[in-house]
Amino acid sequence: MRWSQSFIPTLKESPADAEIASHKLLLRAGLVRKLSGGLYTFLPMGLRALRKIEGIIREEMDRAGATEVLMPALQPPDIWQQSGRYESARDVLFKVKDSVGREWVLGPTHEEVITHLAASEISSYRQMPRTFYQVQTKFRDEIRPRFGLMRAKEFIMKDAYSFDASDAGAMASYQKMYDAYTRIFARCGLKAFPVEADTGVIGGSHSHEFMVPAATGENDVAYGESDGYAANIEKATSAGPVLPTPSASTGPAPEKFPTPGVVTIDELAAPPHGVEPARQVKTLVYVADSQPVLVLLRGDDTLNEAKLMARLGATHARPATPDECSSWLGARPGSLGAVSGVPAKVVILADETLRRAMGMVTGANEDGFHLRHVDVERDIRVSRWLDLRTVKAGEASIRSGEPLRIRRAIEVGHVFKLGTKYSEKMNATFLAEDGQRRPCVMGCYGIGVTRTLQAVIEQCHDDNGISWPVSVAPFVVCITPLNAAPGGPTLSLAERLHDELAAAGIEAILDDRDERPGVKFKDSELVGFPLRVGIGEKSLAAGEVELKPRNGPMLKVPIDQALDRILAWVREHEAALNP
RNA sequence: CGGGACGUGGCUCAGCCUGGUAGAGCGCUUGGUUUGGGACCAAGAUGUCGCAGGUUCAAAUCCUGUCGUCCCGACCA
């Protein structure tokens, strides 16, 4: 490929609407252009890198025994109604109407479609295990698209779905995908690691997300440095808070005291009251699937909303408004408590940390008053004790006791044991060996392909631009004749090398532009080709060409060895990425 | 959805406060000189200042609305 025949519009300056490095580089290196918020056109270099990632994914899916299909992006709403997600996923569903007014859905994912297929095509245990996958464009009505391809309205995803006749079979299918994912990200040159993930409404214990550590990620991961524990913060647990919870009773009964103007934990902790946060009971009012619930946490803890929803099996949860708090409890946020005045219909959930907590301080359900000497088990009608708190850095790992750390990460993949949630609702059943009809046991497995592309850039770049791993580089080799005069000796050698590389199966881009050397050097580093082959009149006179790895020092090699040295360099770096 | 910021040539931005001829750098075109790290000189082209109203003799500038973009938030009462 000649540079002049491609389309690589590089930019010296970053467009103003890009914030993070990978987003800026996507634009600066001419990989993508924005059409609208969350919608991007892939230009040749971006498309080539994307195809490389897709290629790796296809190879590994096939190796793992999955089989490729392609499902419609446009889907009838009735299958979404059948699965119940027409309601529960309504926030992300794009809906469109056709010319006669009938409604359609743009698929954010394909569980419904594949389960519909399985319902009609799989009828016997003999047809399983079976794993289908596709690489498809997905649509999500993101509240706030951001960071380029990272969170977009339209994006490319690899999704796979496994069907098994038994739980054990489903676990084996899950493990195959888990292993495939590990290989895929390694081959993409990404340092991605699996973490335990929240299973949300669906329940079950088997879900892992593959995370790429990055300060710009949108997820927090809690992990142990050496014990291997790693979990999404939404799921993470610990041995408990570092500070112990007060457990000595300070009085025989709760006692009301005035706290005018005090509405926050910090204000109650400050003079004149001086009640340290660990001695306070934080009372939150939530509305979960239209039901009011009270959530009790220690004052210095934070509610983990994902845990709340998971424990309740709720699909939507939101904090109650101050007016709702007033009408249910008789007080405004800041003076709420669960000791008295809680209507019987309101469920009270308390975090495990508060078990046996004594001598606590909490709101009195009367504006301007709090209660002290509260023994939680004695004084509060707790309906359920649950793990609802968000773990904090420094707390002991449940695995080894070492202090947990927390870091930001980008989620690039998710493997999930679904069970029979969809197969039951959509009647995807089979006849088992024992003659019984049972629902298929399913798993689903996603990789954000476009997001993975950007994650690679986020992880592989420097001040000069992108630095692609050879496996996903749009071209591995950039041949740079410093003088591209037609018919001249540098261009002739460049062309010869290009053709010889092509014959050896390596696609190189030849920078045949009539540009000054500095421009070519800067561009090749910005776009990030792993190996640049420089051919100038000086080096030619010395009988040499220059091999300049993107991340290493320049090597001068004799012209007649150039091809072999380039091939060796590429093979070596390809091999390094193969697990 | 709440808060904030910003919309001026292809890109990055100045001008707006204090209304009065629309600017710079990069990019682009032409000619010349250059040619191993984003060249230099000269001459040029490119704008209904996001859009719609309003105020005014006069609006990029002030006011209102609207659309778009980006950031923060949408757990800690």
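From a predicted model like this one, the values you see are computed outputs, not experimental measurements. Below, chain A is the first sequence line, B the second, and so on; all start at residue 1.
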Any donor-acceptor pair under 3.5 Å between the side chain of Glu13(A) and the base of rG27(B)? no

Distance test, side-chain N/O of Lys548(A) to OP1/OP2 of rG37(B), below 4.0 Å: no

In whole angstroms, the gap separating C1' of rA77(B) from CH2 of Trp328(A) amounts to 14 Å

Tyr40(A) vs His23(A) aromatic rings, parallel, tilted or perpendicular, using cut-offs 30° and 60°? perpendicular

Is Glu525(A) side chain donor-acceptor paired with the rG37(B) base, going by distance under 3.5 Å alone? yes

Chi angles and distances behind the salt bridge (Lys or Arg N to Asp or Glu O under 4.0 Å) call for Arg2(A), Glu495(A): CA-CA 10 Å; Arg2(A) 285 164 180 265; Glu495(A) 285 169 340; 2.4 Å; yes

Relative to the 5' end of RNA chain B, which residue comes earlier, Ala16(A) or Ser335(A), by the nucleotide with the nearest heavy atom? Ala16(A)

Taking only the side-chain heavy atoms of Asp17(A) (C-beta and beyond), determine which of rC70(B), rA77(B), rG37(B) contains the nearest atom. rC70(B)

Say you pick atom P in rA58(B) and the same atom in rG20(B); how far apart are they, in whole Å? 14 Å

May I ask you to say what Ala320(A) touches in the nucleic acid, namely base, sugar-phosphate or nothing, with a heavy-atom cut-off under 4.0 Å? base

For rU35(B), the Watson-Crick or wobble partner whose two distances fall under 3.5 Å: none

Watson-Crick or G-U wobble mate for rA59(B), both contacts under 3.5 Å: none

Between His573(A) (side chain only) and Trp569(A) (backbone N and O only), is there a donor and an acceptor less than 3.5 Å apart? yes

Considering only atom C1', compute the distance from rG3(B) to rA52(B) and round it to an integer number of Å. 26 Å

Counter-base of rU64(B), judged by Watson-Crick or G-U geometry with both distances under 3.5 Å: rA52(B)

Asp300(A) near the nucleic acid: base, sugar-phosphate alone, or nothing, with a heavy-atom cut-off under 4.0 Å? nothing

Between CD of Glu142(A) and P of rU69(B) the distance, given in whole Å, is 14 Å

Could you tell me which nucleotide pairs with rA42(B) by Watson-Crick or G-U wobble geometry, both distances under 3.5 Å, or answer none if nothing does? rU30(B)

Looking only at non-hydrogen atoms, find the nearest pair between Pro343(A) and Leu329(A) and report the distance. CD-CD2, 4.0 Å

Can you tell me how far P of rU12(B) sits from NZ of Lys12(A), to the nearest Å? 15 Å

Heavy-atom nearest nucleotide on RNA chain B taken for Ser36(A) and for Pro517(A); more 5' hit belongs to Pro517(A)

Closest approach to the side chain of Phe147(A), judged atom by atom: which nucleotide of rC71(B), rG38(B), rG36(B) is it? rC71(B)

With a 4.0 Å cut-off on heavy atoms, is Arg298(A) in touch with a base, just the backbone sugar-phosphate, or nothing at all? nothing

Using only atom types and a distance under 3.5 Å, with no angle test, would you say the side chain of Lys520(A) pairs donor to acceptor with the backbone of Pro481(A)? yes

Please report the distance separating the P of rC11(B) from the corresponding atom of rU56(B), rounded so that it comes out in whole Å. 36 Å

Of the nucleotides rU12(B), rA77(B), rU69(B), which one has an atom closest to the side chain of Lys34(A)? rU69(B)

Any Arg516(A) side-chain nitrogen or oxygen under 4.0 Å from OP1 or OP2 of rC40(B): no

I'd like to know if the side chain of Arg28(A) and the backbone of Lys12(A) have a donor-acceptor N/O pair within less than 3.5 Å. yes

Quick one: is Thr10(A) getting a side-chain N or O under 4.0 Å of the rG38(B) phosphate, OP1 or OP2? no

Is the base of rG37(B) touched by the side chain of Arg532(A) through a donor-acceptor pair closer than 3.5 angstrom? yes

Rounded interatomic separation in angstrom, taking CZ from Arg318(A) and C1' from rG73(B): 18 Å

Give Glu546(A) one of three labels, base, sugar-phosphate or nothing, depending on what nucleic acid heavy atoms sit under 4.0 Å from its own. base

Considering only rC71(B), rC76(B), rG36(B), which nucleotide approaches the side chain of Lys538(A) most closely? rG36(B)

With a 4.0 Å cut-off on heavy atoms, is Ile265(A) in touch with a base, just the backbone sugar-phosphate, or nothing at all? sugar-phosphate

For a quick check of understanding: with a heavy-atom distance under 4.0 Å over all strands, which category does Thr283(A) fall into, base, sugar-phosphate or nothing? nothing

Lys307(A)/Asp387(A) salt bridge by N-O under 4.0 Å criterion: yes

To the nearest Å, give me how far apart CG (Leu294(A)) and C1' (rC76(B)) are. 15 Å

Selected nucleotide, minimal atom distance to Ile143(A) side chain, candidates rA77(B), rA74(B), rC70(B): rA74(B)

Counting any heavy atom closer than 4.0 Å, what does Pro319(A) reach on the DNA or RNA strands: base, sugar-phosphate only, or nothing? base

Expressed in angstrom and rounded to an integer, what is the separation of Met554(A) atom CE from rG37(B) atom C1'? 10 Å

Mind checking if Leu526(A) touches a base, just sugar-phosphate, or nothing, with heavy atoms under 4.0 Å? base

Here the pair of heavy atoms bringing Ser524(A) nearest to Trp3(A) is N-CH2, 4.4 Å

Please work out if Arg28(A) contacts a base, only the sugar-phosphate, or nothing of the nucleic acid, heavy-atom cut-off 4.0 Å. base

Taking the C1' atom of each, how far is rG10(B) from rU29(B), in whole Å? 14 Å

Please measure how far the P atom in rU12(B) lies from the corresponding atom in rU55(B), and state the result in whole Å. 35 Å

Considering every strand and a 4.0 Å limit on heavy-atom distances, what is the contact class for Val263(A): base, sugar-phosphate, or nothing? sugar-phosphate

Could you work out the separation of rG50(B) and rC17(B) based on their P atoms and round it to a whole Å? 15 Å

Tell me which nucleotide, if any, is Watson-Crick or G-U wobble paired with rA24(B) when both distances must be under 3.5 Å. rU12(B)

Name the nucleic acid region contacted by Gly536(A), choosing base, sugar-phosphate or nothing; use a 4.0 angstrom heavy-atom cut-off, strictly under. base

Give me the ring orientation class for Phe416(A) and His414(A): parallel if the planes are under 30° apart, tilted from 30 to 60°, perpendicular past 60°. tilted

Would you kindly give the CZ-to-P distance between Phe369(A) and rA77(B), to the nearest whole Å? 21 Å

Taking all non-hydrogen atoms of both residues into account, name the closest pair between Ala409(A) and Val221(A) and its distance. CB-CG2, 4.0 Å

Which is true for Asp301(A) with a 4.0 Å heavy-atom rule: it touches a base, it touches only sugar-phosphate, or it touches nothing? base

Please tell me if Arg146(A) has a side-chain N or O lying less than 4.0 Å from either OP1 or OP2 of rU69(B). no

Whole-Å gap separating C1' (rC70(B)) and CG (Leu26(A)): 16 Å

C1' atoms of rA22(B) and rA59(B), separation to the nearest Å: 13 Å

For rU21(B) and rU64(B), measure between their C1' atoms and round to the nearest Å. 29 Å

Given rG37(B), rA77(B), rG36(B), which nucleotide is nearest the side-chain atoms of Ser539(A)? rG36(B)

